[in-house]
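Below is one structure, written out as structure tokens; the observations come after it.
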Amino acid sequence: MNEKMDKNVWIVFVTPLLLILILFYRRITWLRLIKSKHMNQLPLGTLGWPFVGETIEFISCAYSDHPESFMDKRRGMYGKVFKSHIFGSPTIVSTDAEVNRFILQSNAKAFVPSYPKSLTELMGKSSILLINGSLQRRIHGLVAAFFKSQQLKVQITREMQNYVQESMANWKEDQPVYIQDETKNIAFQVLVKALISLDPGEEMELLKKHFQEFMSGLMSLPINLPGTKLHQSLQAKKKMVKLMLRTIESRRKDGIFKVPKDVVDVLLNDENERLTDELIADNMIDMMIPGEDSVPVLMTLAVKYLSECPTALQQLREENVRIKKLKDQLGEPLCWSDYLSLPFTQTVITETLRLGNVIIGVMRKAIKDVEIKGYFIPKGWCVFAYFRSIHLDDKNYDKPYQFNPWRWQDKDTSSCNFTPFGGGQRLCPGLDLARLEASIFLHHLVTQFRWYAEEDTIVNFPTVRMKRRMPILVRRVES
């Protein structure tokens, strides 16, 4: 009995201790190698605690009311480019616009995508977010061309207008309207229709349920055991993949449209042998993320900032009422070019992208030693091109924490100081559609309603998504 207990004690206590010591020894040996080779070239900074690095502080700041405090503290101590250790990897963090531009413009010979383990496991190796080379360029090019097509813009405009009108018809003046919930529902339906031509209904609701379960595990602990968030998300993805494969099989059986009606048609029409059904199914799911995440957050933040800036809201309302009356007189609905040609509406969206930082940055891994502006990035290290600090730098923008759409009336949006959608070969292919959807939503909101938001209903979380749903009380108006 005692022998058995001694054995259990050894297994429970001594084995983990030995494992920790081995890992610690390997880390120290590795750090000595790095220091001996590149000590004078590495940016300043600290790798933090053993194993966890500075991840805990990074995440805790992200969930605070001042999420930029992690970066600001280190920028003050070490400069715009510094070393750290986050999400399990030694990382060079860049808050320098020129360094970020170099990273974004680099091809797969220097940097490849790198994300936290839970995210990469959920996305899968065939995700457009993770693949490299000619296949990534092919998929990105096909999707981007379709998203820019007049055919899709006409379809998106019609669908978005219908979904917005249906949603707003149910708003009641004596009940709060949760903007983030409404925009999530609208944007998801629009995007899924563009991807797989699925209309609202029972199947859409089931897909949305599985997709929300999938999304909940993107930034979870990388532990795939029954009951964990990652495991639940992986199970949800399997269900969605089955649904996507059924759609693809049905499309092949019925015949693929030569003039594509959605992204599935676009990819099935391509003759590249590497575009397998499984790869297409996986990527349809990944491409749904903006409909659940970034586009709804953009629209919700626009409402928040306009609620806090009555002058901007009034000017936006006047511009949209003016074009609505003109179109009503002509007996025509607004088309996609009408929405995107509204100058002040576009400055409001641009300023929301800058201040809200819907996408805070991108992560890459160096596949060879790289030197940028005198900063050394060793092979195997991650690099975090962080956009938020650049968008909120007072050297780039006057009073950067102030919502000021007028700053964009004479300012170039193609500067490396403004990268809300990333850049280079991985520039978001749906950036024009995101602007279009936000323009349509804001048009209908300001021409049909006046509203006020309860105080402290929303916090601007740039790294994590908002936990509060932006309730507003509305009153219908005659435009």
Side-chain angles (χ1 to χ4, degrees), residues 65-68 71 95 97 100 179-180 183 187 290 293-323 338-361 386-423 427-428 430-447 451-453 457-463 465-466 470 472:
D65 289 342
H66 301 286
E68 65 278 5
M71 297 296 176
T95 63
N100 286 0
I179 291 296
Q180 192 173 10
T183 54
D293 189 69
S294 50
V295 174
V297 169
L298 169 60
M299 292 189 277
T300 304
L301 287 175
V303 175
K304 165 187 159 58
Y305 297 143
L306 288 167
S307 301
E308 296 168 350
C309 187
T311 308
L313 177 57
Q314 182 60 28
Q315 187 169 337
L316 181 75
R317 179 174 283 121
E318 289 172 357
E319 178 179 73
N320 280 270
V321 167
R322 210 162 33 240
I323 195 168
D338 293 323
Y339 288 111
L340 295 179
S341 66
L342 294 170
F344 192 70
T345 301
Q346 295 312 308
T347 63
V348 165
I349 294 170
T350 300
E351 180 69 349
T352 301
L353 289 166
R354 181 198 69 82
L355 184 57
N357 291 282
V358 176
I359 299 171
I360 64 159
Y386 192 72
F387 306 150
R388 178 177 169 84
S389 291
I390 297 167
H391 293 162
L392 297 176
D393 191 331
D394 58 11
K395 292 182 176 60
N396 299 326
Y397 299 95
D398 183 45
K399 298 179 180 176
Y401 287 89
Q402 179 179 311
F403 180 70
N404 177 13
W406 298 275
R407 76 170 84 240
W408 295 101
Q409 289 177 338
D410 301 308
K411 198 174 183 73
D412 184 12
T413 59
S414 62
S415 163
C416 65
N417 292 328
F418 183 67
T419 52
F421 295 104
L427 177 69
C428 175
L431 60 93
D432 288 336
L433 292 187
R435 281 187 174 274
L436 177 60
E437 289 183 61
S439 301
I440 295 171
F441 180 78
L442 290 174
H443 171 79
H444 287 278
L445 179 65
V446 300
T447 57
W451 76 87
Y452 70 89
T457 56
I458 188 170
V459 175
N460 176 18
F461 290 131
T463 302
R465 286 321 186 212
M466 293 167 289
M470 186 62 188
I472 62 171

Quiz prompt | Test applied, side chain to side chain contact (heavy atoms under 4.5 Å, CB included); reference residue, Val358; option that passes from Thr300, Asp293, Leu298 | solution = Leu298
Quiz item: Is there a side-chain contact between Gln346 and Leu340, using heavy atoms and a 4.5 Å cut-off?
Solution: yes
Exercise. Check whether any side-chain heavy atom of Ile440 sits under 4.5 Å from a side-chain heavy atom of Leu436, and report yes or no.
Key: yes
Practice problem: Check for a donor-acceptor pair, side chain of Asn357 on one end and backbone N or O of Leu355 on the other, with a separation under 3.5 Å. | Solution: yes
Quiz item: When rounded to the nearest 0.5 angstrom, what is the spacing between CZ in Phe421 and CG in Leu353?
Solution: 4.5 Å
Quiz prompt | pair Tyr397-Asn404: side-chain heavy atoms closer than 4.5 Å | solution = no
Self-check item: Any Leu392 side-chain heavy atom under 4.5 Å of Tyr401 side chain
Solution: yes
Practice problem: May I ask you to test the Thr419-Asn100 pair for a side-chain heavy-atom distance under 4.5 Å? | Solution: no
Practice problem: Taking side-chain contact (heavy atoms from CB on, under 4.5 Å) as the test, write out the residues that go with Thr345, two or more places apart. | Solution: Leu316, Glu319, Asn320, Leu342, Ile349, Ser439
Quiz item: Counting only N and O atoms by type, is there a donor-acceptor contact under 3.5 Å from the side chain of Arg354 to the main-chain atoms of Pro400?
Solution: yes
Quiz prompt | Shortest non-hydrogen contact from Ser341 toward Asp338 | solution = OG-O, 2.9 Å
Quiz prompt | Atom pair OG1/CG of Thr311 and Leu306 - distance to nearest 0.5 Å | solution = 11.0 Å
Quiz item: Does Val297 reach the side chain of Gln180, with side-chain heavy atoms less than 4.5 Å apart?
Solution: yes
Quiz item: Any luck finding a side-chain donor-acceptor pair between Trp406 and Thr347 under 3.5 Å?
Solution: no
Quiz prompt | Spatial distance of atom NZ (Lys411) from atom CG (Asn396) [nearest 0.5 Å] | solution = 7.5 Å
Quiz item: If you look at every heavy atom in Ala312 and Phe403, which pair is closest and at what distance?
Solution: CB-CE2, 4.1 Å
Quiz prompt | Minimal non-hydrogen separation, Val295 against Ala434, with atom names | solution = CG2-CB, 4.1 Å
Quiz prompt | CD-CZ distance between Glu351 and Phe344, expressed to the nearest 0.5 angstrom | solution = 9.5 Å
Quiz item: To the nearest 0.5 Å, what is the distance between CD1 (Ile179) and CH2 (Trp451)?
Solution: 8.0 Å
Exercise. Please report the closest heavy-atom contact between Arg388 and Pro67, naming both atoms and the distance.
Key: NH2-CG, 4.1 Å
Quiz item: Do Arg435 and Thr350 have side-chain N/O donor and acceptor atoms under 3.5 Å apart?
Solution: yes
Quiz prompt | Student check: side-chain heavy atoms of His443 and Ile323 closer than 4.5 Å | solution = yes
Quiz item: Which of these passes side chain to side chain donor-acceptor pair (under 3.5 Å) with Glu318: Gln315, Arg322, Gln314?
Solution: Gln314
Exercise. Inspect the contact between Glu308 and Lys304 and indicate whether a charged nitrogen and a carboxylate oxygen are less than 4.0 angstrom apart.
Key: yes
Quiz prompt | Interatomic spacing from OG1 in Thr352 to CG in Leu442 - rounded to 0.5 Å | solution = 7.5 Å
Exercise. Only counting residues at least two apart or in another chain, list the ones meeting side-chain hydrogen bond (donor to acceptor under 3.5 Å, both in side chains) with Ser389.
Key: none
